[in-house]
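Per chain, numbering begins at 1; letters A, B, ... match sequence-line order. Values below: every heavy atom of this structure, side chains too, minus hydrogens, waters and symmetry copies.
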Amino acid sequence: MPHTTLVWFRQDLRLADHPALTHAVDRSDAVVPVFIWAPEEAGGWPPGGAHRWWLHRSLQALDRSLRDKGSRLMLRHGPSLETLRTLIEETGAGAVCWHTGYEPALRERDARIRDALREDGTEVRTFEGRLLHDVDGVRTGSGGPYQVYTPFWRKLGGLDLPVEAPLPVPRMGETKAPAAWPDSLPVEAFGLTPVAQDGVDWAGGFDGTPGEAAAHERLQAFIDHSLIDYPDRRNRPDVDGSSRLSPHLHHGELSPRQVWHAVQDWIRNRPMKDAAEVFLKEIVWREFAYHLLHHFPHTPAEPLKDTFAAFPWEDDADGLDRWQRGQTGYPIVDAGMRQLWQTGWMHNRVRMIVASFLTKDLLIPWQRGAEWFWDTLVDGDLASNTMGWQWAAGCGADAQPFFRIFNPVSQGERYDPDGAYVRRWVPELADLPTNYIHQPWTAPHDVLRRAGVELGTTYPRPIVDHGQARDRALAAYETVRQRSKGEA
DNA sequence: AACACCTTGAT
DNA sequence: TCAAGGTGT
């Protein structure tokens, strides 16, 4: 039994259901929790701005929880291997443990660190703390990875997927503290909170409460009040029926095992399997995203379907800028992009609409959209972001067929029928009557005047005509479609 | 090898 | 009603 064990926290900023921490507490006299800030090791995907804002607060929350237990979180600035070695020397630790990561660059880094530490004579133990399934253990009949969701879901067992019970918070107590705590940086030293520019604080309106306690409150509130209506309300950005667990899951304040068991408990108490199944399928979509990232590690940058490597995308800098700023002239698109910028989060239905608009209406490469989301989402997750964008662009696993091009007007009318979502995020349109809220350019002059809207001045005219843009996208698709046929 | 199937749509 | 074509068994 090693005298002291380092627990290397990464995307698992919680105390409950933390196999690495539990192992360390069970198996050593002293436990030293550590978080290392080393963004340059992320292989071109360092945490984005909004993500860092969340991380800052989540680290504070974790440190508070640890202090309540007589422990504390050691904060250090990378590189990771050298930092761990320094901490081992300072604390006399004989072992290090952590949870497996799945981002390609971090996976390689972790393997290198594991080998180096073992050569030093340090015991290294890694645990599964992020997923419900074993990414190497789930294979198709022919031994390959899945590329279609439904067979993947069935293979896991659907609702009958066996999920181990989550672990309780380990009993730490003062007895597990080291004789002396090493030095730790203040979290402010990482510079994670965006600096206000021109008197405007970007993060001032960010949404959600980081930390393990808030994550559990959110989960319980969702199960108690929203789960039963989830199938109907999850697509409505105006009524907010989604779980909003994504940032908590991404940062590991909550584990998918905890979510799974909480929902299964809810099912047991009432015969409402269907609503729960729709939600748990979303949790398994997250598993699928990790399955894909693990087996196709090139996909954050390159399309999964290689015929799309030759797709005639257009690098339209002005179009990208207007999309990012929510100035496309399509209200549902602009509402989504402004919600994202102001709160660090966007409703999933709207994520699909804005992604379709960028890739189909503007023909801008999906990678530009993925990069923007990466920088602006508090839940930015390499696996989910990559899968989502490739799905929307039509070049990914189980993608929507390319010719399914979202119509931003009909999508707005269907999922924001009263225009409440648009009015909230595009306030310059707030006084427009509902029948014009999703297509202000069709409103008569006097209606616009009464609503205080002057197209081209207070709100932009559409930057593309959707009908023409749709034809252009289909023609562009035709070029790679012919190519793939010719090669076959 | 044949066959069923495939998250979220548009006209 | 239409829109391809691949995936997985």
Give a yes or no on whether the backbone of A:Gly158 and the side-chain of A:Lys281 come within a donor-acceptor separation of less than 3.5 Å. no
Nearest-angstrom distance from the residue atom [atom1] of [X] to [atom2] of [N]:
X        : N     : atom1 : atom2 : value
A:Arg139 : C:dT7 : CZ    : P     : 16 Å
A:Leu304 : C:dG6 : CG    : P     : 13 Å
A:Gln400 : C:dG6 : CD    : P     : 17 Å
A:Lys281 : B:dT8 : NZ    : C1'   : 12 Å

Can you confirm whether more than 12 heavy atoms, excluding those of A:Asp274, are under 6.0 Å from its CG atom? no
State whether the number of non-hydrogen atoms from other residues, nucleotides or ligands found under 6.0 Å of A:Arg424 atom CZ is greater than 12.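 It does not: A:Arg424 CZ has 12 such atoms or fewer within range.
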Looking at [X], does any N or O in its side chain come under 4.0 Å of the phosphate oxygens OP1/OP2 on [N]?
X        : N      : result
A:Arg404 : B:dC6  : no
A:Tyr146 : C:dT9  : yes
A:Arg470 : B:dA10 : no

With Watson-Crick and G-U wobble geometry limited to distances under 3.5 Å, how should the secondary structure of DNA chain B be encoded in dot-bracket form, using | for bases paired to another strand and [ ] for crossing pairs? .|||||..||.
Is the closest side-chain donor-acceptor distance between [X] and [Y] under 3.5 Å?
X        : Y        : result
A:His248 : A:His216 : no
A:Glu302 : A:Gln367 : no
A:His347 : A:Arg236 : no
A:Asp12  : A:His99  : yes

Scan [X] against the nucleic acid and name what it touches under 4.0 Å (heavy atoms): base, sugar-phosphate only, or nothing.
X        : result
A:Arg351 : nothing
A:Pro401 : base
A:Tyr149 : sugar-phosphate

Counting side-chain heavy atoms from C-beta on, which of B:dT8, C:dA4, C:dG8 comes nearest to A:Arg234?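 Looking only at side-chain atoms, A:Arg234 lies closest to B:dT8.
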Evaluate the criterion side-chain contact (heavy atoms from CB on, under 4.5 Å) for residue pair A:Arg449 and A:Val447; output intermediate values, then yes/no. CA-CA 5 Å; A:Arg449 197 179 330 108; A:Val447 171; over 6 Å; no
Please determine which of A:Tyr102, A:Tyr149, A:Phe152 meets the ring-ring contact (aromatic ring centres under 6.0 Å, His included) test together with A:His291.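 The residue from A:Tyr102, A:Tyr149, A:Phe152 that satisfies ring-ring contact (aromatic ring centres under 6.0 Å, His included) with A:His291 turns out to be A:Phe152.
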Stretch residues 406-425 of chain A: residues that reach within less than 4.0 Å of DNA chain B through a heavy atom: A:Phe406, A:Asn407, A:Ser410, A:Gln411, A:Arg414, A:Tyr415
Check each residue of residues 235-245 of chain A for a non-hydrogen atom within less than 4.0 Å of any atom in DNA chain B, then write out the ones that pass by number, or none. A:Asn235
Quiz item: cation-pi between A:Arg244 and A:Trp345, 6.0 Å / 45°: yes
Centres of the A:Trp372 and A:Trp341 rings: under 6.0 Å? yes
Rounding to the closest angstrom, what is the interatomic distance between C:dA4 and B:dC3 at atom P? 23 Å
